[in-house]
Amino acid sequence: MMLFTCSRIHAEGGLVDGYVLVDGRRIAAVEAGPVPAELQGVDRVDLPDCDLIPGMIDLHIHGAGGWPVEGADVGLLQGLGRFLAGFGVTGFLPTASARPLEELEEVARQVRAATEAEYDGAAILGLHLEGPFLNPKRPGAMHIHNLRTPSVAEAERLLAAGGGTVRRVSLAPELPGAPELIRYLAAQGVTVAGAHTDATYAETVAGIEAGISLATHTYNAMRGLHHREPGAVGAYLTDDRVTCEIICDLLHVHPAAVRIALRAAGPDRVALISDAIPAAGLKPGHYLLWGRDLYIDEQGYSKLADGTIAGSTKLMLHGLRNLVEVLGVPWAEAVRMASLIPARAIGLADRKGSLAPGKDADLVAIGPGWQVAWCVVEGRVVRRPGDPPPAYNPEAKAIDE
């Protein structure tokens with residue numbers, strides 16, 4: 001058992017000045033007031049200058065700190081999980097972009113193996129396939145030649161390779177065969193997201209009717225809002241059946257557009273994501289990503305040679321800070337957007353995403369300067385004061401180094 005005392009506990013029911021009791025993998029109690037006499041002998045951690053929040057859940061991340069998802073084995077995926085825990089993420093969906101089918105099957109097999117292995121990092125909650133069933137009219141940084149027409153048969157291959165670990169698939173709902181694929185995936189318990197789409201408003205609504213419940217990086221790589229054709233953005237922001245992802249690095253989405261999403265959908269339908277790439281956190285320079293030249297500038301943002309934004313290089317903690325400090329979002333709403341809303345979007349809100357008795361003991365203590373002091377994943381302490389900085393992949397080097 002462990003006891004965490006704090007004057008700013010962001011509990012499920014509101015802010016608490018008291019303590020969180022962890023018993024094994026679960027939260028046993030979240031209580032206001034002093035620690036009772038019967039718990040005085042429990043291992044205790046006092047957090048006088050911290051905010052204690054539920055661990056953040058990243059639904060959409062391709063890598064970070066030089067640790068990739070595509071081409072990764074179990075060791076590399078665990079390296080990514082350890083790195084993320086140092087920045088307050090306690091659960092994540094490794095995300096694969098559009099690749100040849102055989103490569104995606106191998107990613108699924110590796111993620112499956114990683115979910116079955118115990119280690120001291122953020123929990124791997126399943127695989128997110130961002131493609132290959134995307135519209136070449138809205139490729140973003142994807143290789144167009146890797147995009148494919150939606151196919152139930154091909155999806156069956158990918159789900160079989162993952163052995164139950166494919167938790168989410170992003171696709172374009174307007175493509176031929178998409179409605180059938182959406183219905184199939186939803187019937188298998190897979191969260192289906194609209195992504196890289198040129199769908200009209202009507203086509204997007206049809207996708208929602210078929211089973212789409214999530215919008216992949218809302219605004220980005222989708223038909224925008226026009227007053228006579230509301231497009232995909234208009235459909236997702238105004239349909240209560242859909243959770244809208246937002247990349248809050250303030251490059252991908254203008255602060256005013258984030259505010260519009262929050263006013264249209266409300267904070268209970270907006271999920272913070274990073275969409276981070278393996279180069280996230282690396283120093284400025286010229287890198288190779290997905291076989292393409294990638295440039296990280298002095299502000300840490302990544303772009304292709306033609307100026308196209310190539311994923312994010314900022315993590316969830318950066319987005320949470322932007323929500324609170326730049327956009328003025330109340331702490332309670334910002335924390336839910338980084339934890340409970342993502343958990344709900346993938347069907348895990350019954351055990352993750354908030355500090356409440358009976359839920360997984362996923363806790364993060366954020367200290368002065370937005371530094372992560374403590375990180376606990378399912379009752380295991382994976383970061384504490386005095387630990388070395390999160391480890392970068394030593395093989396990740398700029399081309400010109």
Side-chain angles (χ1 to χ4, degrees), residues 55-97 99 103-104 106-128 130 141 165 247 249 273-304 309-319 371-372 375 377 380 382-384 387-401:
M56 291 182 285
I57 297 173
D58 197 343
L59 299 177
H60 190 154
I61 179 166
H62 299 272
W67 303 102
V69 172
E70 293 163 20
D73 57 15
V74 172
L76 290 171
L77 290 167
Q78 291 179 342
L80 173 59
R82 292 188 184 97
F83 185 82
L84 294 178
F87 295 94
V89 172
T90 58
F92 68 106
L93 295 184
T95 300
S97 61
R99 306 293 298 171
E103 292 184 23
L104 292 177
E106 180 58 23
V107 173
R109 284 189 285 268
Q110 293 299 325
V111 170
R112 176 183 181 179
T115 62
E116 296 170 350
E118 291 285 335
Y119 84 115
D120 54 347
I124 299 170
L125 302 176
L127 174 62
H128 168 205
E130 189 182 8
T165 60
I247 306 169
D249 60 2
I273 60 165
S274 73
D275 196 13
I277 59 174
L282 301 184
K283 64 183 181 179
H286 176 195
Y287 295 85
L288 193 67
L289 177 70
W290 303 323
R292 307 174 80 170
D293 291 311
L294 177 80
Y295 299 87
I296 299 180
D297 63 21
E298 293 298 325
Q299 287 73 46
Y301 296 112
S302 60
K303 296 181 180 179
L304 302 180
I309 299 173
S312 173
T313 51
K314 307 297 183 181
L315 300 178
M316 291 281 284
L317 187 61
H318 180 84
Q371 298 298 307
V372 171
C375 183
V377 178
R380 304 186 315 276
V382 298
R383 184 156 191 85
R384 67 183 76 219
D387 283 352
Y392 290 77
N393 183 352
E395 300 300 318
K397 298 182 183 297
I399 290 175
D400 49 5
E401 281 191 59

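The basis for the numbers below is simple: all heavy atoms, side chains too, and nothing from hydrogens, waters or symmetry mates. Residue numbers count from 1 along this sequence.
A heavy-atom distance below 4.5 Å is found between the side chains of V372 and L317. Using a 4.5 Å cut-off on side-chain heavy atoms (C-beta onward), D297 and P284 make no contact. Taking the side chain as every heavy atom from C-beta outward, V107 and L127 approach each other to under 4.5 Å. Counting heavy atoms from C-beta on, the side chains of I124 and P94 come closer than 4.5 Å.
Annotation for A72 and P68: closest pair CB-O, 3.3 Å, computed over non-hydrogen atoms.
Formation of a donor-acceptor pair under 3.5 Å by the T95 side chain with backbone atoms of I61 is found in this model. Using a distance-only test at 3.5 Å, with no hydrogens or angles considered, no donor-acceptor pair links the side chain of Y392 to the main chain of E395. Between the side chain of R109 and the backbone N or O of L104, no donor-acceptor pair lies under 3.5 Å. Checked by atom type and distance alone, the side chain of R383 pairs as donor or acceptor with a backbone atom of P388 at under 3.5 Å.
Listed by chain and residue number, H60 satisfy the ring-ring contact (aromatic ring centres under 6.0 Å, His included) test with H128 (two or more places apart in sequence, or in another chain).
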- From CA spacing to verdict: side-chain contact (heavy atoms from CB on, under 4.5 Å), H286, Y295: CA-CA 5 Å; H286 176 195; Y295 299 87; 3.6 Å; yes
- Output, in order, the C-alpha distance, side-chain angles, deciding distance and verdict of side-chain contact (heavy atoms from CB on, under 4.5 Å) for T313 and I277. CA-CA 6 Å; T313 51; I277 59 174; 4.2 Å; yes
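For K314 and Y301, the positive end sits near the middle of the six-membered ring, less than 6.0 Å away and at most 45° from its axis.
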Side chains of residues 74-92: which donor-acceptor partners sit under 3.5 Å, not counting sequence neighbours?
unit_1	atom_1	unit_2	atom_2	d
R82	NE	D120	OD1	2.6
R82	NH2	D120	OD1	3.3

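Taking CG of L294 as the reference point, atom OG of S302 lies at 5.0 Å (rounded to 0.5 Å). Rounding to the nearest 0.5 Å gives a distance of 8.0 Å between CD1 of I57 and CE of M316. Note: R384 CZ to C375 SG = 11.5 Å, rounded to the nearest 0.5 Å.
Counted by atom type alone, H62 and D275 present one or more donor-acceptor pairs between their side chains at under 3.5 Å.
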